[in-house]
Q: 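Please read through the structure below; I'll follow up with questions.
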Amino acid sequence: MASGPEPVGEPAGHRSPARPLDSIDRDILRLLRADGRASIRSVAERVHVSRANAYARINRLIDDGVIRGFSARIDQERAGHGASAYITLKIVQDSWRSVREKLQELPGAAHMALVSGDFDVLLLVHTSDNRALRDLVLTRIQSMPEVLSTRTLLVFEETDLEPGPP
């Protein structure tokens, strides 16, 4: 899961303004997105700065909340999650904060976003099978009083995109 000074999903108004990134910062981000386990030495060599400079820059990017954490890319099916779905939710107006807290507690919740359009929330979930997915949607999500309706979109196949420029 993401870690850092700001909780994921914290409203932008609660953050201090971000410092501008230069080309070296963007190169560091590109390298870390491709390999979050890269050593400071390797990053420094590849962006042509000293190890101390690379270390200071990475720590600044973490402190500024640009880097929210480090994680592994998981093959969900091989990890025992045979069913994945995007679930769209329509929610009661002004209930986003409480809905967000409840959705974060759901088993298998991988990503969520407050969006515009025909629905309010887009939630990505991974479950062991369709029965677990059904239980998650019908029992857990639809029982939330703030949730007005849901629509479940099954994921048949997914591909992680290679990191591009930050």
Side-chain angles (χ1 to χ4, degrees), residues 1-16 18 26 28-39 42-43 58-59 61-166:
M1 290 296 169
S3 63
E6 292 288 337
V8 174
E10 187 69 30
H14 290 83
R15 299 181 199 178
S16 58
R26 287 189 294 277
I28 289 171
L29 292 174
R30 181 182 47 77
L31 290 170
L32 291 176
R33 283 183 60 188
D35 180 7
R37 295 178 66 186
S39 69
S42 168
V43 170
I58 291 169
N59 280 335
L61 292 167
I62 292 169
D63 290 344
D64 286 353
V66 175
I67 296 176
R68 298 185 301 177
F70 298 87
S71 62
R73 293 191 331 226
I74 308 296
D75 181 314
Q76 295 299 328
E77 195 168 352
R78 293 181 68 90
H81 298 124
S84 295
Y86 285 96
I87 303 167
T88 66
L89 296 84
K90 287 186 183 181
I91 60 174
V92 172
Q93 188 172 351
D94 294 326
S95 66
W96 166 239
R97 285 179 182 82
S98 65
V99 169
R100 178 181 60 197
E101 288 175 15
K102 292 175 183 177
L103 294 177
Q104 287 174 328
E105 299 300 318
L106 292 176
H111 180 84
M112 74 177 92
L114 179 64
V115 297
S116 65
D118 293 336
F119 50 88
D120 303 305
V121 179
L122 181 64
L123 174 68
L124 172 62
V125 298
H126 304 290
T127 61
S128 58
D129 54 29
N130 283 340
R131 181 173 298 234
L133 176 60
R134 179 184 183 279
D135 181 60
L136 186 72
V137 174
L138 298 180
T139 305
R140 304 284 299 267
I141 296 173
Q142 290 184 355
S143 69
M144 295 177 190
E146 303 92 344
V147 174
L148 301 173
S149 67
T150 64
R151 178 170 289 173
T152 303
L153 308 166
L154 291 177
V155 174
F156 296 127
E157 182 178 317
E158 57 187 323
T159 302
D160 286 334
L161 302 177
E162 290 302 315

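Quick note: residue numbers are just sequence positions, from 1.
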Q: How far does OG1 of Thr152 sit from CG of Leu123, to the nearest 0.5 angstrom?
A: 9.5 Å
Q: Hey, does Met112 have a side-chain heavy atom less than 4.5 Å from the side chain of Gln104?
A: yes
Q: Counting N and O atoms only, with roles assigned by atom type, does the side chain of Asp64 sit under 3.5 Å from a partner on the main chain of Val66, one being a donor and the other an acceptor?
A: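 Flag not set: sc Asp64 to bb Val66 has no pair under 3.5 Å.
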Q: Just verifying a value: how many Å separate Ile67 CD1 and Ile62 CD1, rounded to the nearest 0.5 Å?
A: 5.0 Å
Q: Less than 4.5 Å apart, any side-chain heavy atom of Ile28 and any of Leu31?
A: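 Side-chain contact under 4.5 Å: no.
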Q: Using side-chain heavy atoms (C-beta onward) and a distance below 4.5 Å, is Met144 in contact with Ile91?
A: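 Not in contact.
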Q: When you look at Val99 and Leu114, which way does the side-chain contact (heavy atoms from CB on, under 4.5 Å) test go after all the steps?
A: CA-CA 10 Å; Val99 169; Leu114 179 64; over 6 Å; no
Q: Taking only residues two or more places apart in sequence, or in another chain, which ones meet Arg134 in a side chain to side chain contact (heavy atoms under 4.5 Å, CB included)?
A: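 Leu138.
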Q: Using side chain to side chain contact (heavy atoms under 4.5 Å, CB included) as the criterion, list what pairs up with Ser39, not counting sequence neighbours.
A: Arg41, Ser42
Q: Could you check whether atom CD of Gln142 has more than 12 heavy atoms from other residues, nucleotides or ligands sitting under 6.0 Å from it?
A: yes
Q: List in chain and number order the residues that pass side chain to side chain contact (heavy atoms under 4.5 Å, CB included) with Asp135, two or more places apart in sequence or in another chain; answer none if no residue qualifies.
A: Thr139
Q: Looking at Leu136 and Pro107, what are the two nearest heavy atoms and their distance?
A: CD1-O, 3.9 Å
Q: Is there a side-chain contact between Ser95 and Lys102 (heavy atoms, below 4.5 Å)?
A: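 The answer is no, as the side chains (C-beta and beyond) never meet within the 4.5 Å cut-off.
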Q: Search all heavy atoms of Ala109 against all heavy atoms of Leu103 and return the closest pair with its distance.
A: CB-O, 3.5 Å
Q: Between Arg97 and Arg100, is there a side-chain heavy-atom distance shorter than 4.5 Å?
A: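 Answer yes - side chains close enough.
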Q: Distance check, rounded to the nearest 0.5 Å: Leu61 atom CG versus Leu32 atom CG?
A: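 Rounded to the nearest 0.5 Å, the CG-CG separation comes out at 8.5 Å.
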Q: Side chains of Val137 and Val125: closer than 4.5 Å at any heavy-atom pair?
A: no
Q: Could you state the interatomic distance from NE2 (His111) to NE2 (His126), rounded to the nearest 0.5 Å?
A: 10.5 Å
Q: Ignoring hydrogens, what is the shortest heavy-atom contact between Val92 and Pro145? Give both atom names and the distance.
A: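 Scanning both residues completely, I find the closest heavy atoms to be CG2-O, 4.1 Å.
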Q: Considering only heavy atoms from C-beta outward, does the side chain of Asp120 approach that of Leu89 to under 4.5 Å?
A: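 They are not in side-chain contact.
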Q: Determine the minimum heavy-atom distance between Val121 and Phe119, stating which atoms define it.
A: O-CD1, 3.5 Å
